[in-house]
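Here the structure is laid out as structure tokens; the discussion comes afterwards.
Hydrogens, waters and symmetry mates play no part in the numbers below; they use all other heavy atoms, side chains included. Just so it is clear, the model here is predicted, and its values are computed rather than measured.
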Amino acid sequence: MRIAFGFDIFYPETNGVITTTINLANNLVALGHEVYFFVPEDKQFTDTVIENNIHIIRVKALSTPIYKGIKVLPVQSWYLKKYFLKYKFDVIHCTSPWLVCQAMNHCARRMHIPVLATHHTLIDNPIYIKYALKSTALANIAQKPIWPIVFDPFFRLVWMVTAPNKETCKNIKEHLPDLEVRYVSNGIEIERFKKAPSGTPLKEVPEGFIDENTFIYIGRLGYEKAIDVAIKGFAKAIEKNPKLKFLIIGEGPAHKELIELVQELNLDEKNIYFTGLIDNHRLIDSGVLKKAVAFITASLSENQAITVIEALCSGCPVICANVFNMTALVDKDSGWYFEGGNTDDLAEKILYASSHKEERDQKSANAIKSIDKYDGKKIAKEFESIYLELIEKKKQGFYVVDGEKKATLYENN
């Protein structure tokens, strides 16, 4: 098969959607398929091929201040037609409901190409809307129209939707009962986690910072990740145990404000240290996740966080908010829950994890047992089966609403 993925954010930015889709693409290539990525153009990223023979097609894009990485994409389906005709894709796989994927969706509809969409990001959460509107009050008001304005028009044109969280699947079905929705987990390269790490020190981390008192966060430093909540909770824990340390690995739009928050709390780099971006392969190979007491995330907006999966597969217990999208990923045997947004409760869990080593070690052992669920090779075969199913639907004459009319018009023009 020849499969085209659509992205609205791509390199030089990094996020969980990019990471998990590259893993999927690599495994699809290993299965003998051709994979192409349609991505927004960026002067800092000019590769035409990445990873394991994944082909890159860059589309016109203009930067926007709404959110780092999000761009205005003056792309219409006619612009993509030349690529679709040249490569004759068997399936289109969209990773978001924004402009590149919208254009790919419309072009595929006109050319009668099956489209699968994966619902990765819960953008109907007000924290995401706030990026554009710059106001919590306006974001809360705008939350309700997100489905009819963004998701409904997009999902009604796709042939099937997948989501990496069963509750998210239910939510989609509540809005669009006639749409076929499947649960398919995100996948990772589990072989990296089954072998012993080299233990090579990370030059970005001060010598001696990682010890039996160190907690860790890895991921995008975005406002939706609620890292400010994690820092405030950690600050309260430090008041009772000054030896505690918090290592924060990643980059994002909230970075500067988070550093200012640490300063406001009268903490310094001895307690909380920001490393910036670290290459994922070096990070896992260093074994830093195996050495940390626990991984901390205060996010309420995750669908299925790749960095949390990587922590669990490394044997690092997770402290997370007691919300459905996190408890579906982290069970009580592999982590601790705190009330979302409650920094006092979070501080208690941090102190408890740091002072109960035997329980921590047991949760670590339990976390590792979950590794096979996230085997990227198995996940790729699940998607391969779905692609073949969609191609068979095409053979049987399936069209989205008015799709046959659009296909006829497009062919005539």
Looking only at atom types and distance, does a side-chain atom of Ser364 sit under 3.5 Å from a main-chain N or O of Gly315, one as donor and one as acceptor?
-> yes
Please say whether more than 12 non-hydrogen atoms of neighbouring residues, nucleotides or ligands are located less than 6.0 Å from CD in Gln44.
-> no
Between the CZ atom in Phe274 and the CG atom in Leu247, the distance rounded to the nearest 0.5 Å is 10.0 Å
Specify the closest pair of heavy atoms between Gln304 and Tyr183, including all atoms of both residues, with the distance to one decimal.
-> NE2-OH, 4.2 Å
Would you sort out whether Ser96 and Val17 count as a side chain to side chain contact (heavy atoms under 4.5 Å, CB included), showing the intermediate values?
-> CA-CA 9 Å; Ser96 74; Val17 176; over 6 Å; no
Gln102 side chain to Pro97 main-chain N or O, any donor-acceptor pair under 3.5 Å?
-> yes
Can you tell if the side chain of Trp159 reaches within under 4.5 Å of the side chain of Lys394, non-hydrogen atoms only?
-> yes
Looking only at heavy atoms, the pair that brings Asp345 and Glu339 closest together is OD2-N, 2.7 Å
Can you list the steps and then say if Ile3 with Asp90 is a side chain to side chain contact (heavy atoms under 4.5 Å, CB included)?
-> CA-CA 6 Å; Ile3 306 150; Asp90 296 293; 5.9 Å; no
Output yes when Lys377 and Glu191 qualify as a salt bridge under the 4.0 Å nitrogen-oxygen rule, no when they do not.
-> yes
Taking all atoms of both residues into account, what is the closest heavy-atom pair of Tyr374 and Asn186, and its distance?
-> CD2-O, 3.9 Å
Just grab all the salt bridge (Lys or Arg N to Asp or Glu O under 4.0 Å) pairs involving residues 270-288, residues at least two apart or on different chains.
-> Glu204-Arg282
Please check if the side chain of Lys225 supplies one atom and the backbone of Ser299 the other of a donor-acceptor pair under 3.5 Å.
-> no
Audit row: Thr20, Asn23, side chain to side chain donor-acceptor pair (under 3.5 Å) steps and yes/no | CA-CA 5 Å; Thr20 192; Asn23 177 271; 5.8 Å; no
Can you name the residues that form a side-chain hydrogen bond (donor to acceptor under 3.5 Å, both in side chains) with Asn105, not counting sequence neighbours?
-> none
Hey, what do you get for CG (Asn271) to CG (Asn266), rounding to the nearest 0.5 Å?
-> 11.0 Å
Distance col, row Cys94:SG vs Met104:CE, nearest 0.5 angstrom, shows 5.5 Å
What pairs meet the salt bridge (Lys or Arg N to Asp or Glu O under 4.0 Å) rule with one or both residues in residues 170-179, with sequence neighbours excluded?
-> Glu167-Lys170
Tell me, do Leu346 and Ile296 make a side-chain contact under 4.5 Å, heavy atoms counted?
-> yes
Pairs in or reaching into residues 229-248: which pass ring-ring contact (aromatic ring centres under 6.0 Å, His included), with residues at least two apart or in two chains?
-> Phe215-Phe234, Phe234-Phe246
Please lay out, stage by stage, how His281 and Glu189 fare under the test side chain to side chain contact (heavy atoms under 4.5 Å, CB included).
-> CA-CA 11 Å; His281 283 77; Glu189 187 183 343; 4.2 Å; yes
What are the two closest heavy atoms between Ala163 and Thr168, and how far apart are they?
-> CB-CG2, 3.9 Å
Is a side-chain donor or acceptor of Arg360 paired with a backbone partner of Ala294 at a separation under 3.5 angstrom?
-> no
CD1 on Ile319 to CD1 on Ile350, rounded to 0.5 Å | 5.5 Å
Determine, stepwise, if the pair Glu359 / Trp336 fulfils side chain to side chain donor-acceptor pair (under 3.5 Å).
-> CA-CA 11 Å; Glu359 183 175 332; Trp336 297 270; 3.3 Å; yes
What residue among Glu13, Glu251, Glu302 forms salt bridge (charged side-chain N to carboxylate O under 4.0 Å, His left out) with Arg220?
-> Glu13
Please identify each residue that fulfils side chain to side chain contact (heavy atoms under 4.5 Å, CB included) with Tyr87, with sequence neighbours left out.
-> Arg2, Tyr36, Ile57, Tyr83, Phe89
Taking side chain as C-beta onward, heavy atoms only, is Leu24 less than 4.5 Å from Val35?
-> no
Who are the side-chain hydrogen bond (donor to acceptor under 3.5 Å, both in side chains) partners of Asn165, not counting sequence neighbours?
-> none
Which atom pair, heavy atoms only, marks the closest approach of His120 to Thr95?
-> CD2-O, 3.7 Å
For Leu179, check side chain to side chain contact (heavy atoms under 4.5 Å, CB included) against everything at least two apart and list the hits.
-> Phe155, Val158, Val161, Ile172, Leu176, Val181
Set of side chain to side chain contact (heavy atoms under 4.5 Å, CB included) partners for Ala298, sequence neighbours left out | Ala226, Val229, Ala230, Phe338
Do the non-hydrogen side-chain atoms of Pro197 and Ile284 ever get within less than 4.5 Å of each other?
-> no
Can you find a pair of side-chain heavy atoms, one from Phe7 and one from Val100, that are under 4.5 Å apart?
-> no
Checking side chain to side chain contact (heavy atoms under 4.5 Å, CB included) for the pair Val288/Val205: CA distance, chi angles, key distance, verdict?
-> CA-CA 10 Å; Val288 65; Val205 181; 5.8 Å; no
Let me check something: any side-chain donor-acceptor pairs from residues 380-391 under 3.5 Å, sequence neighbours excluded? List them with distances.
from   : atom 1 : to     : atom 2 : distance (Å)
Glu384 : OE2    : His33  : NE2    : 2.7
Tyr387 : OH     : His93  : ND1    : 2.7
Glu389 : OE1    : Arg182 : NH1    : 3.4
Glu389 : OE1    : Arg182 : NH2    : 3.2
Glu389 : OE2    : Arg182 : NH2    : 2.6

Contacts satisfying salt bridge (Lys or Arg N to Asp or Glu O under 4.0 Å) that involve residues 303-320 (not counting sequence neighbours) are none
Can you pull the salt bridge (Lys or Arg N to Asp or Glu O under 4.0 Å) pairs that have at least one residue in residues 229-245, sequence neighbours excluded?
-> Asp211-Lys245, Lys236-Asp344
Test item: Leu221 and Ile248 side chains (from C-beta on) under 4.5 Å apart, heavy atoms = yes
Check side chain to side chain contact (heavy atoms under 4.5 Å, CB included) between Asp47 and all other residues, then give those that pass, not counting sequence neighbours.
-> Phe45, Ile50
Hey, does Asn15 have a side-chain heavy atom less than 4.5 Å from the side chain of Ile9?
-> yes
Considering only heavy atoms from C-beta outward, does the side chain of Ile22 approach that of Thr19 to under 4.5 Å?
-> no
Phe151 and His175 aromatic centres sub-6.0 Å | no
To the nearest 0.5 Å, what is the distance between CG (Asn325) and CG (Asn303)?
-> 7.5 Å
For the atom pair CD1 (Ile188) and CZ (Phe193), what is the distance rounded to the nearest 0.5 Å?
-> 4.0 Å
Between Ala254 and Gly222, what is the shortest heavy-atom contact and its length?
-> CB-C, 4.1 Å
